[in-house]
Amino acid sequence: MSTSAKISAIVYSGEAKKKVDEFNSQKNFCQSYWEKTNDGLLSSLKKSIKDHYLIVQDYTCAYCQQRMEVAHNGAWDAEHIVPKATHPKFMFEPKNLCISCKDCNLSKTDKNVLKNKDRKTFPAESSDYKICHPHFDDYNEHITILSVAGFYLPRTEKGRELVEMCGLLRFLYKFSNFESVSVDIKIRMGKLHALLMETTSPLEEGFILSSIEDLAKEGKESTRRKVFNALSV
């Protein structure tokens with residue numbers, strides 16, 4: 001996993017800009033416009049959007065920060081941060097777009113990310129959002145990732161909202177549910193997690209994070225030895 005700051009928005013030009021201008025000139029907006037399959041220019045526009053954000057995000061999900069460089073961009077979803085289901089008018093707004101992994105997109109679905117869910121004009125400020133926003137916020141200021149244990153520590157209310165909305169605790173659950181990890185390590189990891197969520201002391205937080213990291217390394221090393229021993233039999 002890697003962490004990133006704000007991302008650069010796409011700038012439309014040529015046929016892509018004409019298509020976006022055509023969409024924005026409508027009086028009525030519908031989310032189903034995005035799903036049209038008989039429009040070659042729309043398909044090209046959608047591909048250019050995904051290609052742009054794959055590059056500027058370095059094949060990294062805006063929400064979980066997992067990096068996955070694959071040749072087929074179907075492994076990624078073009079993500080509407082403010083859902084097109086609730087605000088189709090923002091469908092092609094550059095700063096409402098990014099890429100996300102399919103798991104984060106499936107978890108986030110059409111959940112409300114706005115402080116004012118009835119907003120009519122595009123919210124262009126960080127303060128307009130309940131979650132840390134890929135274009136308006138620095139991810140590192142809101143979430144700390146302890147990659148060795150798949151642990152996402154929210155540092156702000158925006159970080160907490162994102163962790164919950166995108167189901168980021170799935171990584172910690174995956175680690176703690178490894179059958180090869182000892183029960184003792186699972187219990188200790190759970191206790192450390194509880195302590196971490198309760199502490200308000202930066203000193204204690206640093207110590208607990210270090211302990212979680214050491215415990216995760218211990219669990220993974222134990223798993224590696226078990227696999228090696230099994231193969232050696």
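A quick note: this is a predicted structure, and the numbers were derived from the prediction, not measured.
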In sequence, state the C-alpha distance, the side-chain angles, and the governing distance for Met91 and Tyr33, and then conclude on side chain to side chain contact (heavy atoms under 4.5 Å, CB included). CA-CA 9 Å; Met91 191 175 298; Tyr33 183 92; 4.1 Å; yes
Euclidean distance, Leu97 CG relative to Lys84 NZ, rounded to 0.5 Å: 10.0 Å
Value for NZ (Lys115) from CZ (Arg119), rounded to nearest 0.5 Å, stands at 12.0 Å
If you compare all heavy atoms of Lys36 against all heavy atoms of Leu42, which two are closest, and at what distance to 0.1 Å? CB-CD2, 3.8 Å
Could you pull out the closest heavy-atom pair between Asp103 and Arg170, with the gap in Å? CB-NH2, 3.5 Å
Just say parallel, tilted or perpendicular for the rings of Trp34 and Phe92, cut-offs at 30° and 60°. tilted
Over 60° means perpendicular and under 30° means parallel, so tell me whether His135 and His133 are parallel, tilted or perpendicular. tilted
Neighbour count above 12 (heavy atom, 6.0 Å) for Glu35 CD: yes
Does atom NZ of Lys117 have more than 12 heavy-atom neighbours from other groups under 6.0 Å away? no
Close side-chain approach of [X] and [Y], heavy atoms under 4.5 Å:
{"X": "Ile99", "Y": "Tyr59", "result": "no"}
{"X": "Phe136", "Y": "Pro123", "result": "no"}
{"X": "Leu45", "Y": "Leu41", "result": "no"}

Salt-bridge present ([X], [Y]; N to O < 4.0 Å):
{"X": "Glu79", "Y": "Lys108", "answer": "yes"}
{"X": "Glu161", "Y": "Lys158", "answer": "no"}
{"X": "Asp137", "Y": "Lys6", "answer": "no"}

Run Tyr12 and Lys18 through side chain to side chain contact (heavy atoms under 4.5 Å, CB included) and show every step you take. CA-CA 9 Å; Tyr12 300 118; Lys18 289 181 183 178; over 6 Å; no
Under the salt bridge (charged side-chain N to carboxylate O under 4.0 Å, His left out) rule, what do Arg67 and Glu69 come out as? Steps first, then yes or no, please. CA-CA 6 Å; Arg67 189 176 190 277; Glu69 187 168 353; 2.8 Å; yes
Phe29 ring center within less than 6.0 Å of Phe23 ring center: yes
Regarding Ser44 and Lys19, do their side chains bring together a donor and an acceptor under 3.5 Å, going by distance alone? no
Between Phe122 and Glu93, is the side chain to side chain contact (heavy atoms under 4.5 Å, CB included) condition met? List the steps. CA-CA 8 Å; Phe122 180 69; Glu93 165 57 46; 3.6 Å; yes
